[in-house]
Amino acid sequence: MKNRQLAMSKITGLCLLFVLVFLGACQPEVPPKDDYTVAAFYWPAYHYEPKAEFLFPDKKGEWEIIYNAVSKEDGHRQPKVPLWGYVDEADPKVMDRKIETAVNYGVDVFIFDWYWYRGEPFLEDCVDKGFLGANNNRMKFYLMWANHDATTYWDVDNPGIDSVIWAGEVDREQFNVVVDRVIEKYFKNPLYYKIDGEPVFCIYELNTLIDGLGGAGQTKEALDHFRKKTIEAGFPGLHLQGILWSALPSSITGVPGDRIESQDQVLSYLGFNSLTNYCWAHLQNPDGDYEQWADASTAMWPDFLKDFSIPCFPNVTISWDANPRFLFKAGYISNSTPEKFGRYVQKAKDFVDQHHYTTKLITINAWNEWSEGSYLEPDTTWNYGYLEALKKAMNGQ
C-alpha cells in the first residue's frame with residue numbers, strides 16, 4: 001500500500017511539474033529589467049570650486065545664480081527651488097541621497113561633464129569626493145569631456161561669449177596628460193560604464209579638439225594613441241562617443257587621398273563608435289511650447305539613422321530655461337510636465353527597439369541642469385514627478 005501511494009505521489013509530482021513547465025513556456029517573454037540603460041547628464045557645478053570663486057563668491061557654486069534668479073515676465077516660473085535645498089554635491093552624504101534616488105527611479109548611469117583647463121581639472125571634486133566617495137557599487141558613470149571654452153557666459157554680470165576665461169583647446173602634450181589621467185583614475189574603476197567591455201568616453205566639441213591638436217591627421221593620431229593606451233591598460237578597446245550638434249564638423253581637410261565631406265565620414269575617419277545629443281536645445285530653438293519643441297527634435301531621429309553608420313542613441317530633454325544665467329530675458333520652454341516627458345521617454349524606447357540597437361542606451365538631459373531648467377532632481381513645484389514619470393515609462397506603465 002505504501003509503495004502504491006509513493007508511486008502515485010511521484011506520478012502526481014511529475015504531472016504537476018510538466019504543467020508548470022508547459023504554462024511557463026506559453027507565457028510571453030518578459031524583457032530583463034536592465035534591457036535599457038538610462039544615462040543622465042550631470043553638471044557638477046554645485047559645490048565650492050576655488051578656481052570659480054570669482055564667479056560665485058558665496059562659495060556654493062552655481063547655486064548662487066539659482067537662488068538669485070528672478071522672473072522675467074508674467075507666468076515665467078523663476079526661481080526654481082530644489083526640494084533638497086542648496087546642497088553640496090562634493091559631500092558623500094549628499095551624493096549618497098542622489099545615487100540612491102537615481103537608482104530607485106531608473107537612472108542607471110551618470111554622465112559627468114568633465115573639464116580640463118590650463119593643465120588642471122576643473123569641478124572634479126563632485127566626481128572624486130562626492131560620487132566615488134559615496135557610490136558603494138550602486139551606480140555606473142562615465143565622462144563627457146566638456147572641452148568648450150569657459151567664457152563670460154558663465155558670468156551673470158557679463159553673459160556673453162565675447163571674452164574667454166579659459167580655453168577648451170589642448171595641445172598634444174596636454175592631451176596625453178588627459179589620457180593618462182582618465183584611464184588611471186576613471187576607466188580602471190569597476191563602475192565605469194562600458195559597452196562590449198570598452199570604456200565609453202564622450203567628447204563634447206570635436207571641432208575644438210581638432211583645432212587644438214592642429215588638424216584632422218594629428219587628431220586621428222592622438223585618438224589612436226588613446227585607444228592604444230586603453231588597450232594596454234587591459235581593456236579590449238576604447239568606445240568613443242560624439243555629441244551631435246554644430247560643433248561636430250561636416251568636413252575635414254588635409255587627409256591625403258580621402259574626400260571627407262560629411263559628419264559620418266569625419267567620425268569614421270577618427271574612429272568614433274557612437275553618437276548622442278546633449279540636449280534638444282542644440283537641435284531646435286528652445287523657445288515656446290514643450291510638445292512642439294519635443295516633436296520637432298524627435299522628428300530628426302530618423303534622419304540620424306540615414307546620415308550615420310554608427311548608432312545615434314536618443315536623447316530626451318526635460319525642459320529648457322537658461323534665464324538664471326542672463327540679465328536679459330532669453331527664450332525658454334513652457335508647458336513641460338512630467339506626463340509629457342514620460343511620453344517622450346517611451347518614444348526613445350520605441351526608437352532603440354525598432355532599430356535593433358544591441359546597446360539600448362537612452363540619454364537624459366539632465367539630472368541637475370538647474371541653471372538651464374532641465375533636471376530630474378525634485379523641486380518644490382513637481383516634487384518627484386519627473387522621476388516618477390521616468391520610472392513608469394521605463395517599466396512600461
Side-chain angles (χ1 to χ4, degrees), residues 39-44 109-117 119 121-124 127 141-150 166-183 185-187 192-195 198-230 235 237-252 260 262-279 282-283 304 308-313 315 359 361 363 365-366:
F41 288 102
Y42 191 109
W43 163 227
V109 180
F110 279 159
I111 310 170
F112 285 99
D113 299 352
W114 186 82
Y115 296 86
W116 187 263
Y117 294 127
F122 179 64
L123 299 175
E124 212 178 45
V127 183
F141 74 104
Y142 70 98
L143 304 182
M144 181 192 74
W145 187 1
N147 61 329
H148 58 78
D149 292 346
W166 304 299
E169 293 183 359
V170 296
D171 59 18
R172 181 58 189 272
E173 181 181 359
Q174 281 300 301
F175 180 86
N176 290 348
V177 173
V178 166
V179 164
D180 291 342
R181 185 182 187 86
V182 164
I183 292 173
K185 285 193 68 176
Y186 301 114
F187 286 5
Y192 196 89
Y193 179 66
K194 303 170 186 70
I195 294 178
E198 299 180 348
V200 178
F201 188 76
C202 187
I203 297 176
Y204 185 62
E205 289 190 355
L206 184 52
N207 59 359
T208 301
L209 185 70
I210 293 171
D211 290 344
L213 291 172
Q218 294 91 327
T219 303
K220 177 176 173 56
E221 183 183 346
L223 292 174
D224 287 345
H225 166 78
F226 193 178
R227 191 172 295 105
K228 179 175 178 289
K229 294 282 284 188
T230 302
F235 302 99
L238 171 67
H239 185 108
L240 285 173
Q241 184 177 86
I243 293 294
L244 177 54
W245 68 302
S246 60
L248 179 62
S250 58
S251 65
I252 50 179
I260 298 180
S262 73
Q263 290 178 318
D264 188 49
Q265 290 174 342
V266 170
L267 293 166
S268 176
Y269 173 73
L270 295 174
F272 277 74
N273 304 88
S274 69
L275 283 167
T276 191
N277 300 114
Y278 184 71
C279 61
H282 287 163
L283 303 179
F304 299 159
F308 295 100
S309 56
I310 56 177
C312 189
F313 299 119
N315 172 266
T359 298
L361 178 66
T363 64
N365 182 284

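No hydrogens, no waters, no symmetry mates; every other heavy atom, side chains included, goes into these values.
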Problem set entry | Ion pair check, Arg181 and Glu124, cut-off under 4.0 Å | yes
Taking [X] for the side chain and [Y] for the main chain, is one N or O donor matched with an acceptor at less than 3.5 Å?
X	Y	value
Glu205	Leu248	no
Lys229	Ile183	no
Asp171	Glu173	yes

Exercise. Heavy atoms, side chains only, cut-off 4.5 Å: are Phe201 and Leu143 in contact?
Worked result: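 Yes - at least one pair of side-chain heavy atoms lies under 4.5 Å apart.
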Under a 3.5 Å cutoff, is there a donor and acceptor pairing between the side chains of [X] and [Y]?
X	Y	answer
Ser274	His239	yes
Thr276	Asn315	no
Asn147	Thr208	no

Exercise. Taking the inter-plane angle between the rings of Phe112 and Phe110 on a 0 to 90° scale, is it parallel (under 30°), tilted (30 to 60°) or perpendicular (over 60°)?
Worked result: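 Phe112 vs Phe110 ring planes: perpendicular.
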Problem set entry | Given Tyr192, Phe187, Tyr193, the one that forms ring-ring contact (aromatic ring centres under 6.0 Å, His included) with Phe141 | Tyr192
Exercise. Does Lys194 make a cation-pi contact with Phe235, if we ask for NZ or CZ under 6.0 Å from the ring centre and within 45° of the axis?
Worked result: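 Verdict for Phe235: no cation-pi partner in Lys194.
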Exercise. What do the steps show when you test Tyr204 against Asp113 for side-chain contact (heavy atoms from CB on, under 4.5 Å), and what is the final call?
Worked result: CA-CA 9 Å; Tyr204 185 62; Asp113 299 352; over 6 Å; no
